[in-house]
2 protein chains.
Amino acid sequence: MSKDGEFSTRQNGSEPRPSRASVTRLSLYLRRLESLLQEGITTVSSGQLGESLGVTDAQVRKDLAHLGTHGHPGIGYDAPELVPAIRRTLGIDRDWPTALVGVGNLARALLRYHGFLDRGFRIVALFDADPAKVGQFVDGLEVHPLERMGPVIATTGAELGILAVPSEASQSVADALVAAGVRGLLNFAPCVLRLPSHVSVVSVDLTVQLEQLAFLVHLGSTG
Amino acid sequence: MSKDGEFSTRQNGSEPRPSRASVTRLSLYLRRLESLLQEGITTVSSGQLGESLGVTDAQVRKDLAHLGTHGHPGIGYDAPELVPAIRRTLGIDRDWPTALVGVGNLARALLRYHGFLDRGFRIVALFDADPAKVGQFVDGLEVHPLERMGPVIATTGAELGILAVPSEASQSVADALVAAGVRGLLNFAPCVLRLPSHVSVVSVDLTVQLEQLAFLVHLGSTG
DNA sequence: GGATGTGAACGACTTCACAGCG
DNA sequence: CGCTGTGAAGTCGTTCACATCC
């Protein structure tokens with residue numbers, strides 16, 4: 001430390017808190033580390049870890065400094081030690097029971113994609129407004145009507161909600177999910193949700209992403 | 001411009017170039033403006049435009065300064081004037097013929113979602129590695145085998161590609177698309193693609209998004 | 001030697017504040 | 001008077017550089 005270092009009794013050590021960008025990178029490090037572990041590699045340096053992801057070594061070290069663990073100077077980081085530490089920091093060292101609203105093609109794609117399950121995002125309830133879909137079973141889960149949201153979410157203990165419904169319905173469905181006790185939403189509808197501040201929202205707006213891509217390509221061709 | 005600023009003969013005026021965050025917001029402004037126009041509202045102030053999106057008025061003005069157009073002091077901005085200006089800046093004042101690889105549930109969801117078509121992202125070709133799917137018609141489009149990528153992309157003139165294939169296949173499919181002349185990729189696979197620098201990539205990594213959400217909720221409960 | 005951890009410099013983006021215009 | 005446009009200040013995140021430790 002520059003002057004001295006006496007108030008070092010921060011029980012958790014580490015920086016104030018990971019930034020959003022840093023959290024994104026931690027997710028990527030985690031996936032890479034798990035992959036390395038499967039190859040039997042247990043020691044990795046910040047340079048190696050960042051290389052495949054296009055991140056500088058210094059950035060990797062700063063990100064990993066948010067964790068409680070420490071690397072080993074001259075050696076690198078220990079993957080079996082790092083993986084649980086990242087999980088803990090991200091809050092994914094436990095299961096997140098999740099409700100999925102809107103059982104269309106997108107929902108089916110999400111259900112089939114087992115990358116979620118493997119990482120603790122267990123879909124525990126399905127809802128749809130369409131009476132024709134209610135009562136059907138998809139991937140072993142019954143589709144419930146929106147009206148039953150309260151009791152079903154209480155029973156299943158869902159804490160997160162995924163909105164795969166049309167834009168017009170998304171605000172009302174979001175309100176219903178929040179009323180039922182859900183604390184975080186992943187929104188696929190192209191709209192901005194207005195929700196109480198204790199509810200977290202992450203939006204995946206595919207149109208915006210495509211427009212970003214168009215802009216980048218456009219920039220490449222025109223300068 | 002720290003010392004002086006004599007090479008100010010940038011014919012297009014305006015700031016150096018919109019940042020990535022700024023481009024994202026421009027997409028959102030565009031959508032909001034189109035919605036306002038449908039309600040018959042043609043004049044809007046920076047404050048009004050930003051309010052619904054959670055953006056400050058100053059930020060909106062800075063973003064709009066990237067455009068060639070100007071607002072009207074004391075009045076606000078003119079939506080019919082702004083909409084084409086944003087389109088031009090984003091490079092979406094034209095069609096973007098797009099190829100879609102991997103005809104699973106995600107692809108079907110994207111095809112059904114007409115928000116893309118309306119905005120010029122026309123899906124013009126479908127590909128799949130599964131022989132059972134090849135030859136089928138989905139939403140009026142024939143599914144081609146991967147081997148035919150070169151000629152089909154040449155014929156259809158696709159400039160963008162959407163990767164809705166499993167992780168393991170994504171790098172090779174990306175390489176094939178690039179070899180066929182595609183200049184931009186929207187990647188849904190949870191992996192980092194290595195591509196020549198003249199190709200732009202936007203990745204939508206759903207696991208990372210869910211982990212971000214878990215982190216935010218986790219943060220809310222633990223402090 | 002090789003790699004970590006971290007102040008300090010740097011750069012990018014956001015907010016502030018206010019001159020200027022309609 | 002209201003609202004834009006924009007330098008200046010402020011904030012946040014990244015990169016640099018180097019002391020430190022195995």
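Just so we're on the same page: letters track the sequence lines, and every chain starts at 1.
A donor-acceptor pair under 3.5 Å links the side-chain atoms of R31(A) to the main chain of P190(B), judged by distance alone. Between the D95(A) side chain and the P97(A) main chain, no donor and acceptor come within less than 3.5 Å of each other.
At the phosphate of dA12(C), neither OP1 nor OP2 sits under 4.0 Å from any side-chain N or O atom of S19(B). Remark: Q59(B) is in phosphate contact with dT15(C), judged by side-chain N or O atoms under 4.0 Å from OP1 or OP2. Side-chain N/O atoms of H70(B) include one lying less than 4.0 angstrom from OP1 or OP2 on dG5(D). Taking 4.0 angstrom as the limit, Y77(B) places none of its side-chain polar atoms (N or O) nearer than this to OP1 or OP2 of dG2(D).
Atom CG of D63(B) is separated from atom P of dA12(C) by 17 Å (rounded to the nearest Å). To the nearest angstrom, P of dC13(C) lies 13 Å from NZ of K62(B). Straight-line distance from the CD atom of Q48(A) to the C1' atom of dA3(C): 10 Å, rounded to whole Å. If you take CG of L67(A) and P of dT4(C), they are 14 Å apart, rounded to a whole angstrom. Atom CG in D57(B) sits about 10 Å away from atom P in dT15(C), given to the nearest Å. Put simply, NE2 on H66(B) is 13 Å from P on dA12(C), counting in whole angstrom units. To the nearest angstrom, C1' of dG5(C) lies 16 Å from CD1 of I75(A). Straight-line distance from the CG atom of L64(B) to the P atom of dT6(D): 12 Å, rounded to whole Å.
Between C191(A) and L193(A) the shortest side-chain heavy-atom distance falls below 4.5 Å.
Taking every side-chain heavy atom of P73(B) into account, dC21(C) is the closest of dT14(C), dC21(C), dT15(D). In the set dT14(C), dC3(D), dC16(C), dT14(C) carries the atom at the smallest distance from any side-chain atom of R25(B). When distances run from any side-chain atom of R61(B) to the nucleotides dC3(D), dT6(D), dT14(C), the shortest one goes to dT6(D).
No contact: R20(A) has no heavy atom under 4.0 Å from any strand. Residue contacts for S46(A): at a heavy-atom cut-off of 4.0 Å it reaches the sugar-phosphate backbone alone, with no base atom in range.
Positionally, the nearest nucleotide of DNA chain D for G74(B) lies more toward the 5' end than for the other of G74(B) and T56(A).
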- Test E81(A) against T69(A) for side-chain hydrogen bond (donor to acceptor under 3.5 Å, both in side chains), laying out the working first. CA-CA 8 Å; E81(A) 180 178 359; T69(A) 48; 5.4 Å; no
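The pair R32(B)-E51(B) does not count as a salt bridge, with every side-chain nitrogen at least 4.0 angstrom from each carboxylate oxygen.
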